[in-house]
Amino acid sequence: MKEELAKRYEPTEFEQRIYAFWEEGGYFTPVVDKERPKFSIVIPPPNVTGRLHIGHALVNTLQDIIVRWKRMSGFNTLWLPGTDHAGIATQLVVERKLAAEGISRFDLGRDKFVEKIWEWKEQHSTEIKDQLTRLGASADWSRSRFTLDEGLSRAVRYVFVKLYEDGLIYRGIAMVNWCPRCQTAISDVEVEFTERNGKLYHIDYPLAPEAVESTGTDRRLTIATTRPETMLGDTGVAVHPDDERYRDLIGKNALLPIANRVIPIVADPILVDPEFGTGVVKITPAHDKNDYESGKRNNLPQLRVIGEDGRMTDAAGPEFAGLDRFEARKKVIELLQEQGALVKVEEHLHNVGIHEKCRTDIEPMVSQQWFVKIEPLAKPAIEAVRNGSITITPQSWEATYFNWMENIHDWTISRQLWWGHRIPAFHCTNGHTAVSMDDLTTCPECGAATTQETDVLDTWFSSGLWPFSTLGWQGAGSDEEAPDYQVFYPTDTLITGFDILFFWVARMIMLGLRFTGKVPFSQVFLNGLVRDEHGQKMSKTKGNVIDPLDVVNEVGADALRFTLAVSASGRDIPLGKSRIQGYSAFVNKIWNASRFAMMHIDTELRNAGPIEKDNLRTVERWILSRLNAVTREVNRQLSVFRFDEASSTLYQFFWHEFCDWYIEMAKPVLLGKHGTEDDRRLAKRVLLEVLDRSLRLLHPFMPFVTEEIWLKLGGVEPSIMVAPYPIFEEDLEDGAAERLATAAQAIITMIRNVRAERGFTPKDRFTLYIRGNDERDSNFFRDYDYLLLELARLDRVVVEGEPPAGTHHDVVEGFHLAIEFPEKQVSQEQLDRVRRDIEKTEGELASIEGKLANEQFTRNAPAAIVEGARARQTELRARLGKLQQNQ
RNA sequence: GCGGGGUUAGCUCAGCGGUAGAGCAUCUCGCUUACACCGAGAGGGUCGGGGGUUCGAAACCCUCACCCCGCACCA
């Protein structure tokens, strides 16, 4: 039964009601049936305690568009949602909260602290779902997963143990990125480089007394450093072996100022560039990546002067021990100044590595950690993209992927955190380490008591398994008993931000291939960053942040979604309030057009039956043909992730073809002002058809409003969500109808145009003389003269009649027109316009004729192009002749 | 240094070998019973500079300039 549509479009009135309706209908949950064609996609799991920002709104809108499109297209569709425990990020949030109460995690101890995080998690775990719900995400909440769930944890443990057994996970002492604030090691990709104005300190290192004696000189070696405090840990000085200035000093010793330690002068062609600076480099093997390598090459000891908390150690000397590293820097400078060893200080712009999560300066540090030997995993992952098993869109990201994967370093996976998957390794009192699926209390090697490794795994280790661990995979063999895995793995598409290509996408590919033997997904779409309307990054300090939930509350989810879609070409997205406003007008337009249609549709959709195509008139054939072309276009664009093209195609069609033209053209018949009762019935049927198909095409982009309208329209299916997505139908194509309808529109436009140019008002009426090319054209205009009369506001249309002298002539789409205007003073402006029009036409004609006169063109250009040029020439000639009569 | 992207109407962008486009903004006219979150119309671009390929280039190639983003390095 058809219902009324509210007079005003008020999204807040129905969006949440509609979502509840979908959930109750169970439309988000696919069936577990291997025989049906499936489509599956997993969400990039947001941080469990996070608040959704505009970037989440984007990535989840895009996923939902694809998911709804596939579901309507007949696929057994699963969108699996969930959240990530997000080790460091979550721990940080809770630590900050506790800090506000004056408590540190160390006050609580590991177990209590982890308990606190779980409490926090439980409190916030519904927030993500609630927020995604407001956006209209059609995810299967019954399958929601969390990276610390029991099953997923089992998968993590299995993968760790297996990689260890295969020799791809090892424990060792190496230079890592250390965050003194979080007091954990982090991987290379978690370090962010930020440009900073610093100082370059030039410091004199004197030669050791015995070197002064043996060389007979008292030279000083001037080194430069941005981090003077690390000199306390220097265990050598390097020069280039070919550098004449210092060659005689190689093998001798220098005297380290302040510490007064004798350190060797070594030759290191890798570390030292003789052209750069003074050609002398200090070596701090314990606190610099390059120095660490150099130290190993030159057998220099590592002296750790900075501790895990960022404070100087005892090894730094009694006057430094316990001092913060930046305080120590000041003190070192002071002492050097006193000793006269500080030669000069320069301003220096350089990059400083910081921890991307807490923004603390990274301290390179030698430490015992767990690593994944990555190359054997990276190789097949590179191959999968290279051979097309996985495609990345936009394709330019593939180059970035290869570039990174081919230069990849071992992955530091251990974190000295408390929140996460604890590493399943067991150390015994005799120093043995065993890795095991089951908890061990005694050492398998010597029987001594064991304790479990305290480190946890990098968050991305567990999210790297997300596409299969969420489907029930828990290790070799487990897949047999995991029906979801059987039906939905591998997934089809992955949609995520480019910023986690390395963090997440690459790791899923590597681990997926290794453990399931299949690519975890075959298509990756990387979306850009949402920026403000001027392309600036959104940030709290700039005050240009747009909160998606505010937008949803103001203009509804559909307007936000459509704006995001129409902006998503794969590059960064400029988003401003005015843009959203613009597209909310479009939603309003859909609402009102539907309201109009529903005032006239008296046949219920259920009983309407198929359209009687043979009885349709030209205008109806035209709109169906156009809609059909749009249908093909939208399906095609969605299949290649052109959300922008697909949505603007629909926008253009619905607003400017359906509303501005078709509805206006249909009005005389719908309102009973013209045509037979049969015409009217058919027009209504077509109006209904076009609206219904349009709503279905639009549904993935704006699910709420389309459902609200569609339900009131009385659809055949229980929900538009499960109504079939329109597909191209060859027999709806009608080129002839399109040509005539388009011509009629161009003629109406031309008349409106000239009317405005001549200063007439819509109330002034004229007579139009029109001549077609053949009988069919003439019949068309005879049949549809009422359209010209109504839409162009004429008082008479004469088809094939001879226009009197003094009329305005033109040629539009091959039709010769003449408009008889009432007597009116022709303004100079109008005359100028006629002249410009003529000049423009002459210009184009000259260019076309030049082309056609060129034998190279007629010989080489494709026949269709040459034909087109000829036709254009004919039209322009005719038009020019007509225009000249207007002068 | 390596890699990627960009430079098209006032703004934000699409087009990527065959007559320069969209949205927003601007101007003019119109409250015509779906919608003023509207309708009708107008103005506005030598497609960053230079060179080349081609019958034909905004599009392909080379080159220069400027901007952005990764990665690496910066003693």
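Order of the sequence lines fixes the chain letters, A, B, ..., with proteins taken first and strands second; residue numbering starts at 1 for each chain.
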Short N/O separations, protein against nucleotides 19-21 of chain B, under 3.5 angstrom:
residue: rU19(B); atom: O2; partner: Glu844(A); partner atom: OE2; Å: 2.2
residue: rU19(B); atom: O2; partner: Arg872(A); partner atom: NE; Å: 3.1
residue: rU19(B); atom: N3; partner: Arg872(A); partner atom: NE; Å: 3.2

Among rG70(B), rA22(B), rA72(B), which nucleotide has an atom closest to any side-chain atom of Thr400(A)?
rG70(B)
Once Watson-Crick and G-U wobble pairs under 3.5 Å are found, how is RNA chain B written in dot-bracket notation, 5' to 3', with | for any base paired to another strand?
((((((((.[[[[.)..(..]]]].(((((.......))))).....[[[[[..)....]]]]])))))))....
Write down the distance separating the [atom1] atoms in [N] and [M], rounded off to the nearest Å.
{"N": "rG4(B)", "M": "rC60(B)", "atom1": "P", "value": "15 Å"}
{"N": "rU19(B)", "M": "rC47(B)", "atom1": "C1'", "value": "16 Å"}
{"N": "rG41(B)", "M": "rU12(B)", "atom1": "P", "value": "28 Å"}
{"N": "rU32(B)", "M": "rC38(B)", "atom1": "P", "value": "16 Å"}
{"N": "rG10(B)", "M": "rG45(B)", "atom1": "P", "value": "7 Å"}
{"N": "rC16(B)", "M": "rA58(B)", "atom1": "C1'", "value": "8 Å"}

Between atom CZ of Phe402(A) and atom CG of Asn407(A), what is the distance when rounded to the nearest 0.5 Å?
13.0 Å
Between OG of Ser648(A) and CZ of Phe586(A), what distance do you get to the nearest 0.5 Å?
10.0 Å
Under 4.0 Å, heavy atoms only, any strand: does Pro862(A) hit a base, just the sugar-phosphate, or nothing?
base
Considering every strand and a 4.0 Å limit on heavy-atom distances, what is the contact class for Ile223(A): base, sugar-phosphate, or nothing?
nothing
Between the protein and nucleotides 11-13 of chain B, list every N/O to N/O distance that falls short of 3.5 Å.
residue: rU12(B); atom: O2'; partner: Arg579(A); partner atom: NH2; Å: 3.1

Has Arg642(A) got a side-chain N or O lying under 4.0 Å from the OP1 or OP2 atom of rG15(B)?
yes
Which letters describe nucleotides 41-47 of chain B, given B = protein heavy atom under 4.0 Å from base, S = only from sugar-phosphate, - = neither?
SS-----
If the sugar-phosphate is the primed atoms plus P, OP1 and OP2 and the base is the rest, what is the B/S/- string for nucleotides 31-39 of chain B, using protein heavy atoms under 4.0 Å?
-B-BB-BSS
Between [X] ([atom1]) and [N] ([atom2]), how many Å, whole number?
{"X": "Gln395(A)", "N": "rG3(B)", "atom1": "CD", "atom2": "C1'", "result": "15 Å"}
{"X": "Lys577(A)", "N": "rG23(B)", "atom1": "NZ", "atom2": "P", "result": "23 Å"}
{"X": "Phe654(A)", "N": "rG23(B)", "atom1": "CZ", "atom2": "P", "result": "16 Å"}
{"X": "Gln856(A)", "N": "rG17(B)", "atom1": "CD", "atom2": "P", "result": "22 Å"}
{"X": "Asn854(A)", "N": "rU54(B)", "atom1": "CG", "atom2": "C1'", "result": "12 Å"}
{"X": "His350(A)", "N": "rC74(B)", "atom1": "NE2", "atom2": "C1'", "result": "10 Å"}
{"X": "Ile408(A)", "N": "rC2(B)", "atom1": "CD1", "atom2": "P", "result": "22 Å"}

So, does [X] use its side chain to make a donor-acceptor pair with the main chain of [Y] at under 3.5 Å?
{"X": "Asp288(A)", "Y": "Thr284(A)", "value": "no"}
{"X": "Ser847(A)", "Y": "Gly843(A)", "value": "no"}
{"X": "Arg507(A)", "Y": "Phe503(A)", "value": "yes"}
{"X": "Arg755(A)", "Y": "Arg793(A)", "value": "yes"}

Tell me if the CD atom of Glu839(A) is crowded by more than 12 foreign heavy atoms within 6.0 Å.
yes
Among Leu560(A), Asn588(A), Thr563(A), Leu564(A), which one satisfies side-chain contact (heavy atoms from CB on, under 4.5 Å) with Tyr583(A)?
Thr563(A)
For Thr230(A) and Lys282(A), does a side-chain donor sit closer than 3.5 Å to a side-chain acceptor?
yes
Give me the residues of residues 643-651 of chain A where at least one heavy atom lies under 4.0 Å from an atom of RNA chain B, by number, or none.
Glu645(A), Tyr651(A)
Residue pair [X] / [Y]: nearest heavy atoms and the distance that separates them:
{"X": "Tyr786(A)", "Y": "His674(A)", "result": "CD2-CE1, 3.1 Å"}
{"X": "Glu813(A)", "Y": "Ala746(A)", "result": "CG-CB, 3.8 Å"}
{"X": "Met665(A)", "Y": "Ala744(A)", "result": "CE-CB, 4.4 Å"}

In this structure, is the centre-to-centre distance between the rings of Phe525(A) and Phe643(A) below 6.0 Å?
yes
Residue closer to the 5' end of RNA chain B, Phe502(A) versus Ala399(A) (nearest nucleotide)
Ala399(A)
Under the side chain to side chain donor-acceptor pair (under 3.5 Å) criterion, do Glu190(A) and Ser187(A) qualify, and how do the steps go?
CA-CA 5 Å; Glu190(A) 288 163 276; Ser187(A) 67; 2.7 Å; yes
